[in-house]
Amino acid sequence: MRILLAVVAVFVGLLNSACQRQHMPEVHVFAAASLSVAFSDLTTAFEAANPGVRVVANFAGSQVLRVQIEEGASADVFVSANEVHMGRLGVRGFLQDPIQFATRNDLVLAVPAGNPANVRTLGDLSAANRRVVMAGEAVPAGAYARETLARFASVSGKEDIDNVILDRVISFETNVRLVATKLELGEADAGFVYRTDVRASDGRLAVVELPENIQVSARYPIAILREAKRADLAELFVSFVRSDTGQTILDRNGFGSGIAVD
């Protein structure tokens, strides 16, 4: 009987806890897929610093999140992996001012651990037997990859080499995390991801360093939605992301300072 009562007490406690959490004030954050690991840490710290507040995060490609917002999805904060999708929402009146910056990242050429295809330079991707993977053109990581290839074509003197490398792409993914996953599984010889994706791979990926003159850095703008249901919590969250504590967490996850790029 005592055991039964103890079990019931535990169940009731869990039920009460779940009910309390359901009624906690929430801030809904739509953030680029490349931020998922870092924002998991950041969310934990934010909730600890603000007892009674819950962060509901939605991670996807920035272009997907933008469309969801345009179609009426409930969001308080949007963090994009580039300024294009944020800018489109701004032009259409979806955002409050000001648009600020949360952090930055570097796009890199990554290979599976051990580099089985022996990819040493960006030019190696032009070989006929290369299997390359990257994000689609509408995805920030895909746009940055094309910018990287265009810079490479310009400095190498091989005007069409960017298109040759694009011909080696076997898959265009809807977000950068899917690119990293394909590389981790050995389904491609090389691909374009963020430096933080390589860091988060726990050794399953390695970076092929690019020359500084073709290196592309990504800036992550952050803004509060005009129709935010909890604008007060949204402001609190944005301030936390840009605070010393938030920037330290992002830096620990391999991101750069967002404050410095304002």
Side-chain angles (χ1 to χ4, degrees), residues 18 21-50 52-96 99-105 135-136 138-144 172-181 193-194 196-197 200 218-243 246 249-250 253-255 258:
R21 190 160 178 81
Q22 282 183 345
H23 291 90
M24 291 170 65
E26 297 176 342
V27 55
H28 290 247
V29 177
F30 281 34
S34 52
L35 289 165
S36 57
V37 175
F39 264 45
S40 176
D41 293 346
L42 197 148
T43 292
T44 299
F46 176 80
E47 291 179 343
N50 298 277
V53 177
R54 184 162 76 105
V55 177
V56 179
N58 177 23
F59 297 106
S62 298
Q63 80 289 354
V64 173
L65 298 174
R66 173 180 60 80
V67 171
Q68 289 177 353
I69 291 169
E70 289 172 338
E71 293 181 348
S74 179
D76 298 308
V77 177
F78 178 43
V79 193
S80 175
N82 72 3
E83 297 169 65
V84 173
H85 297 295
M86 185 69 79
R88 289 180 182 175
L89 287 179
V91 167
R92 296 192 60 188
F94 282 92
L95 306 176
Q96 293 185 20
I99 297 173
Q100 303 178 85
F101 286 94
T103 191
R104 60 180 176 79
N105 208 346
V139 184
Y144 292 132
F172 292 99
E173 301 297 330
T174 57
N175 68 65
V176 72
R177 293 300 305 149
L178 294 176
V179 177
T181 298
V193 298
Y194 295 115
T196 51
D197 295 308
R219 302 203 304 176
Y220 289 68
I222 184 170
I224 299 170
L225 276 295
R226 187 171 297 279
E227 299 299 322
K229 293 181 179 178
R230 293 302 305 262
D232 56 334
L233 297 182
E235 291 178 7
L236 196 63
F237 184 81
V238 171
S239 294
F240 186 82
V241 170
R242 289 171 49 82
S243 70
I249 292 170
L250 288 164
N253 280 275
F255 288 87

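All values below were derived from every heavy atom in this structure, side-chain atoms included, with hydrogens, water molecules and symmetry-related copies excluded.
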- Task: With Phe39 as reference, evaluate Asp41, Leu42, Val37 under the side-chain contact (heavy atoms from CB on, under 4.5 Å) test and give the passing residue.
- Result: Leu42
- Task: Determine whether the aromatic ring centres of Phe94 and Phe78 lie less than 6.0 Å apart.
- Result: no
- Note on the structure: Paired with Leu95, the side-chain contact (heavy atoms from CB on, under 4.5 Å) test is passed by just one of Ile69, Leu225, Ile224, namely Leu225
- Quick one: are Val27 and Phe46 in side-chain contact, heavy atoms under 4.5 Å? yes
- Message: Can you tell whether the side chains of Asp76 and Lys229 come within less than 4.0 Å, N to carboxylate O?
- Response: no
- Message: For Ala218 versus Tyr144, what's the shortest heavy-atom pair and its separation?
- Response: CB-CE1, 3.3 Å
- Task: Quick one: do Thr196 and Asn253 satisfy side-chain contact (heavy atoms from CB on, under 4.5 Å)? Show the steps, please.
- Result: CA-CA 7 Å; Thr196 51; Asn253 280 275; 5.7 Å; no
- Query: Around Gln68, counting heavy atoms of other residues, nucleotides and ligands shown, do more than 12 lie under 6.0 Å from its CD?
  - Reply: yes
- Message: A side-chain contact here means heavy atoms from C-beta on lying under 4.5 Å apart; do His28 and Asn58 qualify?
- Response: no
- Item | Ser80 side chain to Ser62 backbone, donor-acceptor under 3.5 Å | no
- Query: Would you say the side chain of Pro140 lies within less than 4.5 Å of the side chain of Tyr194, judging by non-hydrogen atoms?
  - Reply: yes
- Note on the structure: Of all heavy-atom pairs linking Glu47 and Val55, the shortest is OE2-N, 2.9 Å
- Task: Would you give the length of the straight line joining atom CZ of Arg92 to atom CZ of Arg226, rounded to the nearest 0.5 angstrom?
- Result: 13.5 Å
- Item | Where Glu26 and Arg230 come nearest, the two heavy atoms and their spacing | O-CG, 3.5 Å
- Message: Ignoring hydrogens, what is the shortest heavy-atom contact between Val193 and Ala180? Give both atom names and the distance.
- Response: CG1-N, 3.8 Å
- Message: Could you report the tightest heavy-atom contact between Phe30 and Ser74, atom names first, then the distance?
- Response: CE1-O, 3.5 Å
- Message: Determine whether a donor-acceptor pair (N or O, by modelled atom type, separation under 3.5 Å) exists between the side chain of Thr181 and the backbone of Arg177.
- Response: yes
- Give a yes or no answer on whether the side chain of Ser36 reaches the backbone of Ala33 with a donor-acceptor pair at less than 3.5 Å. yes
- Task: Look at the side chain of Glu83 and the backbone N and O of Pro221, then say whether any donor-acceptor pair between them is shorter than 3.5 Å.
- Result: no
- Query: Side chain of His85, backbone of Val64: donor and acceptor closer than 3.5 Å?
  - Reply: no
- Message: When you compare the side chain of Leu233 with that of Asn50, does any pair of heavy atoms fall below 4.5 Å?
- Response: no
- Message: Restricting to non-hydrogen atoms, name the atom on Gln63 and the atom on Ala138 that form the minimum distance, rounded to 0.1 Å.
- Response: CB-O, 3.6 Å
- Query: Would Phe255 and Leu35 count as a side-chain contact (heavy atoms from CB on, under 4.5 Å) if you check the C-alpha gap in whole Å, the side-chain angles of each, and the deciding distance to 0.1 Å?
  - Reply: CA-CA 9 Å; Phe255 288 87; Leu35 289 165; 3.6 Å; yes
- Any side-chain heavy-atom pair from Phe172 and Val139 closer than 4.5 angstrom? no
- Item | Flag, side chain of Arg219 to backbone of Phe101, donor-acceptor distance under 3.5 Å | no
- Task: Assess whether side-chain contact (heavy atoms from CB on, under 4.5 Å) is satisfied between Leu250 and Val241, documenting all intermediate values.
- Result: CA-CA 8 Å; Leu250 288 164; Val241 170; 4.2 Å; yes
